[in-house]
Amino acid sequence: MPILSAPRSGRRALRLLLAPVVAAAPALVLFAGPGHAAVPAPRLSASSQEPVTAAAADLTDPRKKDIAMQLVSSAENSSLNWKAQYKYIEDIDDGRGYTAGIIGFCSGTGDMLDLVELYAERKPGNVLAKYLPALRKVDGTDSHKGLDPNYTKDWATAAKDKVFQQAQNDERDRVYFNPAVQQAKKDGLRALGQFAYYDAIVMHGDGGDSESFSAIRGNALKKAKPPAQGGDEVKYLHAFLDARKVAMKAEEAHEDTSRVDTAQRVFLNKGNLDLNTPLSWKVYGDPYTIG
């Protein structure tokens with residue numbers, strides 16, 4: 001279906017508008033999205049997706065991408081079953097309203113609105129379309145006004161629809177996965193580095209604030225050069241993960257850095273730059289394995 005409007009600035013961009021939930025640390029976007037930065041790439045219709053290439057060391061390989069989703073889900077949902085998260089929705093009291101879906105789209109930060117708009121473009125009159133006016137009004141706040149009492153139930157209903165599932169997949173790719181992987185490739189990074197970028201942009205978003213993905217990468221570049229600039233990949237990734245931890249600790253909700261310390265850093269220390277299985281890691285103390 002043709003795009004009816006230009007892409008919005010994306011999710012979790014309005015972190016500074018949600019100051020009441022910020023601890024005495026610098027502002028940080030918990031699941032901030034690319035709304036901080038340049039306008040994301042145009043949306044793609046479900047039928048216009050380019051086929052992924054099966055490069056063994058590339059995160060766009062279907063198997064590698066599934067591993068990436070399982071790794072993120074272990075941290076975000078305490079489960080490797082990321083496909084079970086299409087129906088997930090709750091207010092986790094982080095000041096961003098409802099958090100939902102496979103990548104944590106938020107009603108208070110723009111990306112949930114983007115998603116529901118896309119769903120309405122592809123399937124007019126769907127069960128969530130009636131909430132678009134309310135979603136536009138609560139954008140930038142933690143309010144549920146106009147959404148309660150039935151929004152969560154209707155979200156779960158929509159999550160059974162393949163059209164809505166594909167919309168979630170496509171928005172994940174447009175806003176988070178594709179920009180992260182593309183930048184990692186430009187930096188000469190293999191699958192592990194591509195995943196490190198992806199996980200960072202999912203949590204911190206991208207843009208002008210001091211804890212965004214671009215800021216994290218910029219801080220890493222001050223310490224080491226990536227392969228594309230003649231640097232050592234392992235040394236650079238350690239610098240990136242160090243900078244990532246600093247950004248995480250800037251907000252109370254991210255003080256647990258196990259998704260770096262006992263996951264990504266474990267793979268890096270083992271020299272598993274291609275993110276090959278088997279993989280074993282821990283998040284928040286819980287063990288996970290992909291065989």
Side-chain angles (χ1 to χ4, degrees), residues 7 10-11 31 33-34 37-77 80-83 85-86 101-105 111 114-115 118 162 165-206 213-214 216-217 220 226-229 233-234 236-237 240-241 244 259 263-264 267-268 270-279 281 288 290-291:
R11 85 180 189 129
F31 282 105
V39 177
R43 292 171 175 163
L44 298 175
S45 68
S47 61
S48 65
Q49 300 298 299
E50 294 184 1
V52 294
T53 56
D58 196 305
L59 213 64
T60 59
D61 173 84
R63 171 62 175 161
K64 299 284 187 183
K65 188 172 184 177
D66 186 70
I67 288 170
M69 288 302 298
Q70 291 184 65
L71 288 168
V72 170
S73 186
S74 72
E76 300 295 332
N77 303 102
L80 297 184
N81 187 4
W82 67 269
K83 293 182 180 179
Q85 310 310 320
Y86 290 112
I102 59 171
I103 208 69
F105 303 99
D111 62 341
D114 287 347
L115 170 62
L118 178 60
K162 296 295 185 182
Q165 292 177 13
Q166 188 61 48
Q168 289 196 38
N169 293 344
D170 291 345
E171 283 297 275
R172 170 203 62 200
D173 290 350
R174 178 183 73 92
V175 179
Y176 304 106
F177 186 84
N178 292 345
V181 172
Q182 288 166 7
Q183 181 60 63
K185 287 182 177 181
K186 290 178 181 178
D187 287 340
L189 302 177
R190 286 179 273 174
L192 177 57
Q194 292 167 23
F195 174 72
Y197 277 20
Y198 174 51
D199 191 62
I201 203 170
V202 164
M203 176 176 281
H204 304 284
D206 197 13
F213 164 73
S214 288
I216 294 170
R217 178 175 172 272
Q229 297 180 23
E233 187 169 8
V234 171
Y236 173 74
L237 286 178
F240 181 83
L241 294 182
R244 169 81 189 280
R259 68 198 293 161
Q264 296 174 50
F267 309 146
L268 181 56
K270 290 183 177 180
N272 191 355
L273 297 176
D274 290 324
L275 206 59
N276 291 326
T277 56
L279 296 170
W281 72 98
Y288 299 93
I290 299 176

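As a basis for the values below, the full set of heavy atoms in this structure was taken, side chains included, without hydrogen atoms, waters or symmetry mates.
- With D206 contributing its side chain and S214 its backbone, the two residues share a donor-acceptor pair below 3.5 Å.
- Here the shortest heavy-atom pairing between A191 and L59 reads O-CD1, 3.8 Å.
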For side-chain contact (heavy atoms from CB on, under 4.5 Å), just list the numbers for T60 and F177, CA-CA rounded to whole Å, side-chain angles, deciding distance to a tenth of an Å, and then say yes or no. CA-CA 9 Å; T60 59; F177 186 84; 4.2 Å; yes
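- Residues passing the ring-ring contact (aromatic ring centres under 6.0 Å, His included) test with Y236, sequence neighbours excluded: none.
- Pairing each heavy atom of L241 with each of A196, the nearest pair is CD2-CB, 4.4 Å.
- When all heavy atoms are compared, the tightest approach of D114 to R174 is OD2-NH2, 3.7 Å.
- Separating the OG atom in S74 from the CZ atom in R259 is a distance of 7.5 Å, to the nearest 0.5 Å.
- In this structure, the side-chain hydrogen bond (donor to acceptor under 3.5 Å, both in side chains) partners of Q70, at least two apart in sequence or on a different chain, are D66.
- Under the rule for a side-chain hydrogen bond (donor to acceptor under 3.5 Å, both in side chains), the partners of R217 that lie at least two apart in sequence or sit in another chain are D187.
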Determine, stepwise, if the pair R244 / H204 fulfils side-chain contact (heavy atoms from CB on, under 4.5 Å). CA-CA 9 Å; R244 169 81 189 280; H204 304 284; 2.8 Å; yes
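- Not counting sequence neighbours, the partners of E233 by the side-chain hydrogen bond (donor to acceptor under 3.5 Å, both in side chains) test are R190.
- Side-chain contact between Q194 and K65 is absent, with no heavy-atom pair separated by less than 4.5 Å.
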The test is side-chain contact (heavy atoms from CB on, under 4.5 Å); show your working for K64 and D58 and say whether it passes. CA-CA 7 Å; K64 299 284 187 183; D58 196 305; over 6 Å; no
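- Under the 3.5 Å distance criterion, the side-chain polar atoms of K186 are left unmatched by any main-chain donor or acceptor of A228.
- The side-chain contact (heavy atoms from CB on, under 4.5 Å) search around A263 returns W281, not counting sequence neighbours.
- Results of the side-chain contact (heavy atoms from CB on, under 4.5 Å) test with Y198 over R172, M203, Q183 single out R172 as the only residue that passes.
- Evaluation of the ring-ring contact (aromatic ring centres under 6.0 Å, His included) rule for F195 yields no partner, not counting sequence neighbours.
- For Y86, the side-chain hydrogen bond (donor to acceptor under 3.5 Å, both in side chains) partners are N169, not counting sequence neighbours.
- Expressed to the nearest 0.5 Å, how far NZ of K83 lies from CG of N81 amounts to 9.0 Å.
- Side-chain atoms of D274 never come within 3.5 Å of backbone atoms of N276 as a donor-acceptor pair (strictly under, hydrogens ignored).
- In this structure, the side chains of Q168 and I103 stay at 4.5 Å or more apart for every pair of heavy atoms.
- Residues L189 and P227 form a side-chain contact, since some pair of their non-hydrogen atoms from C-beta on lies under 4.5 Å apart.
- A search for ring-ring contact (aromatic ring centres under 6.0 Å, His included) contacts involving Y197 returns F213, F240, not counting sequence neighbours.
- The side-chain heavy atoms of D199 and L71, taken from C-beta on, include no pair separated by under 4.5 Å.
- You'll find the side chain of L273 reaches within 4.5 Å of the side chain of L268, heavy atoms only.
- The distance from the CZ atom of F267 to the CG atom of L275 is 6.5 Å, given to the nearest 0.5 Å.
- Nearest heavy atoms, R63 versus I290: NH2-CG2, 3.5 Å.
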Tell me, with the steps shown, if V72 and W82 meet side-chain contact (heavy atoms from CB on, under 4.5 Å). CA-CA 8 Å; V72 170; W82 67 269; over 6 Å; no
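- For Q182, the side-chain contact (heavy atoms from CB on, under 4.5 Å) partners are N178, not counting sequence neighbours.
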